[in-house]
Novice: 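Here you go, one structure.
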Amino acid sequence: DWSSDVCSSDLVSCGDTFGPGGTVVLAADLLGCSTSAAITLVGPVELDLNGHTISCINTNDAYRSGILVGGTGAKVSNGVITTCGAGVTVTGGGKHKIADLTVHASAVGMRVLSHKNRIDRNTFMDNIYHGIGIEGSENRLSHNTGVNNDMSVAPTGVKNSLEKNTITDTLYAYVDEGESTKRSEE
């Protein structure tokens, strides 16, 4: 476990846990992880992927995560997560900020199980099931893009705010809680 101010990614291995406290900035890709989570965060902590990729070797198990976010107030940004069961799983006390990620070729792009999180400017594409599944409440999703997922946004929690998100080439696109619209063929 890490609680230092900044951790260089040359010390990061599949299955590592970071936090509470500190900042981790990746300096290289983290590929082929077979652990239950490639990286686990216990907030408050910040993970900057610095444009790098995290990949897993099992897309069939939605309980295996590229990044498992727990605690309260963690921040994850700026990179790619691919071929994981769930690209990002957001749990714990909530109030996390997840931004500027591309999550693709996973079973589920992101699972949001906690409350009052901000999910901004992410791209969820080519995921087998949901681009993003929202089971928590009072989350804000803004300026995200869902492309070619079976379902791009699947909200089952309450009082979630969906603002200026774009969904294309998706079989089912939830546009409001409990309301779905089947994609029209063009």
Side-chain angles (χ1 to χ4, degrees), residues 1-59 61-124 131-144 157 160-161:
D1 294 349
W2 293 86
S3 59
S4 62
D5 288 336
V6 177
C7 174
S8 169
S9 73
D10 58 352
L11 302 174
V12 176
S13 298
C14 295
D16 281 352
T17 298
F18 298 96
T23 298
V24 178
V25 180
L26 292 186
D29 295 341
L30 185 61
L31 305 175
C33 295
S34 62
T35 53
S36 61
I39 294 178
T40 299
L41 301 176
V42 181
V45 65
E46 184 173 346
L47 173 62
D48 179 354
L49 298 180
N50 197 24
H52 293 288
T53 298
I54 293 175
S55 73
C56 306
I57 60 170
N58 186 353
T59 60
D61 184 353
Y63 295 100
R64 291 184 181 266
S65 299
I67 301 172
L68 176 61
V69 182
T72 302
K75 296 178 182 178
V76 181
S77 65
N78 192 24
V80 176
I81 301 147
T82 188
T83 62
C84 298
V88 180
T89 302
V90 183
T91 67
K95 299 182 180 177
H96 305 295
K97 294 181 180 178
I98 314 296
D100 303 310
L101 298 177
T102 296
V103 184
H104 68 92
S106 296
V108 175
M110 184 181 296
R111 296 178 70 215
V112 180
L113 306 175
S114 58
H115 311 292
K116 299 183 179 179
N117 302 291
R118 293 192 57 166
I119 314 297
D120 299 321
R121 300 177 312 277
N122 300 288
T123 299
F124 304 99
I132 180 167
I134 310 165
E135 297 173 43
S137 299
E138 299 182 57
N139 296 290
R140 179 180 161 228
L141 284 75
S142 177
H143 295 89
N144 297 288
N160 290 299
S161 172

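When reading the values below, keep in mind they use all heavy atoms of this one structure, side chains included, and skip hydrogens, waters and symmetry mates.
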Novice: Considering all heavy atoms of both residues, which atom of Ala107 and which atom of Gly85 are nearest to each other, and what is their separation?
Specialist: CB-O, 3.0 Å

Novice: Would a distance-only check, ignoring hydrogens and angles, find a side-chain to backbone donor-acceptor pair under 3.5 Å from Asn122 to Thr102?
Specialist: no

Novice: Leu47 and Leu41: which non-hydrogen atoms are nearest, and at how many Å?
Specialist: CB-CD1, 3.8 Å

Novice: Mind checking the CG-CG spacing from Leu49 to Leu30? Nearest 0.5 Å is all I need.
Specialist: 9.5 Å

Novice: Answer with yes or no whether the side chains of Asp48 and Asn78 bring together a donor and an acceptor at under 3.5 Å.
Specialist: yes

Novice: Show the numbers, then the answer: is there a side-chain contact (heavy atoms from CB on, under 4.5 Å) between His96 and Ser114?
Specialist: CA-CA 9 Å; His96 305 295; Ser114 58; 3.9 Å; yes

Novice: What I'd like to find out is whether the side chain of Ile132 reaches to under 4.5 Å of the side chain of Leu141, using heavy atoms alone.
Specialist: yes

Novice: Out of curiosity, Glu138 CD to Lys116 NZ, how far, rounded to the nearest 0.5 Å?
Specialist: 5.0 Å

Novice: Between Asn144 (side chain) and Ile119 (backbone), is there a donor-acceptor pair under 3.5 Å?
Specialist: yes

Novice: Give the minimum heavy-atom separation between Gly136 and Asn160, together with the two atoms involved.
Specialist: O-ND2, 3.1 Å

Novice: Walk me through whether Val12 and Ile39 qualify under side-chain contact (heavy atoms from CB on, under 4.5 Å).
Specialist: CA-CA 9 Å; Val12 176; Ile39 294 178; 4.1 Å; yes

Novice: How far does NE2 of His104 sit from OG1 of Thr123, to the nearest 0.5 angstrom?
Specialist: 10.0 Å

Novice: If I take atom OG from residue Ser34 and atom CD1 from residue Ile57, how far apart are they, to the nearest 0.5 angstrom?
Specialist: 4.5 Å

Novice: If you measure from OG on Ser142 to CG on Asp120, what distance do you get to the nearest 0.5 Å?
Specialist: 5.0 Å

Novice: Quick one: pull up SG in Cys33 and CD1 in Ile54 and give me the separation to the nearest 0.5 Å.
Specialist: 7.0 Å

Novice: Are any of the side-chain heavy atoms of Arg111 and Tyr63 separated by less than 4.5 Å?
Specialist: yes

Novice: Strictly distance-based, threshold 3.5 Å: is any side-chain N or O of Ser55 a donor or acceptor partner for the main-chain N or O of Thr82?
Specialist: no

Novice: Using the side-chain contact (heavy atoms from CB on, under 4.5 Å) definition, which of the options Thr40, Val76, Val45 pairs with Val69?
Specialist: Val76

Novice: Are Ile81 and Val88 packed together at the side-chain level, in the sense that at least one heavy-atom pair is separated by less than 4.5 angstrom?
Specialist: yes

Novice: Going by heavy atoms in the side chains, are Thr17 and Val42 under 4.5 Å from each other?
Specialist: yes

Novice: Should Met110 and Phe124 be marked as a side-chain contact (heavy atoms from CB on, under 4.5 Å) after you check the CA-CA gap, both sets of side-chain angles, and the distance that decides it?
Specialist: CA-CA 8 Å; Met110 184 181 296; Phe124 304 99; 3.7 Å; yes

Novice: Return the minimal non-hydrogen interatomic distance between Val103 and Gly87, and the atom names on each side.
Specialist: CG1-CA, 3.7 Å

Novice: Checking Asn50 side chain against Leu26 main chain: does a donor-acceptor pair fall under 3.5 Å?
Specialist: yes

Novice: Let's go through Thr83 and Ser106 carefully: what are the C-alpha distance in whole Å and the side-chain angles of both, what is the deciding distance for side-chain contact (heavy atoms from CB on, under 4.5 Å) to 0.1 Å, and is it a yes or a no?
Specialist: CA-CA 4 Å; Thr83 62; Ser106 296; 5.5 Å; no

Novice: Heavy-atom distance under 4.5 Å between the side chains of Val90 and Leu113, does that happen here?
Specialist: no

Novice: Over all heavy atoms of both residues, which pair between Leu68 and Ala37 is shortest? Give the atoms and the distance, please.
Specialist: CB-CB, 3.9 Å

Novice: Any donor-acceptor pair under 3.5 Å linking the side chain of His115 with the backbone of Ser137?
Specialist: yes

Novice: For the residue pair His52 and Asp29, confirm or rule out a side-chain donor-acceptor distance under 3.5 Å.
Specialist: yes

Novice: If you compare all heavy atoms of Ala74 against all heavy atoms of Gly43, which two are closest, and at what distance to 0.1 Å?
Specialist: CB-CA, 4.0 Å

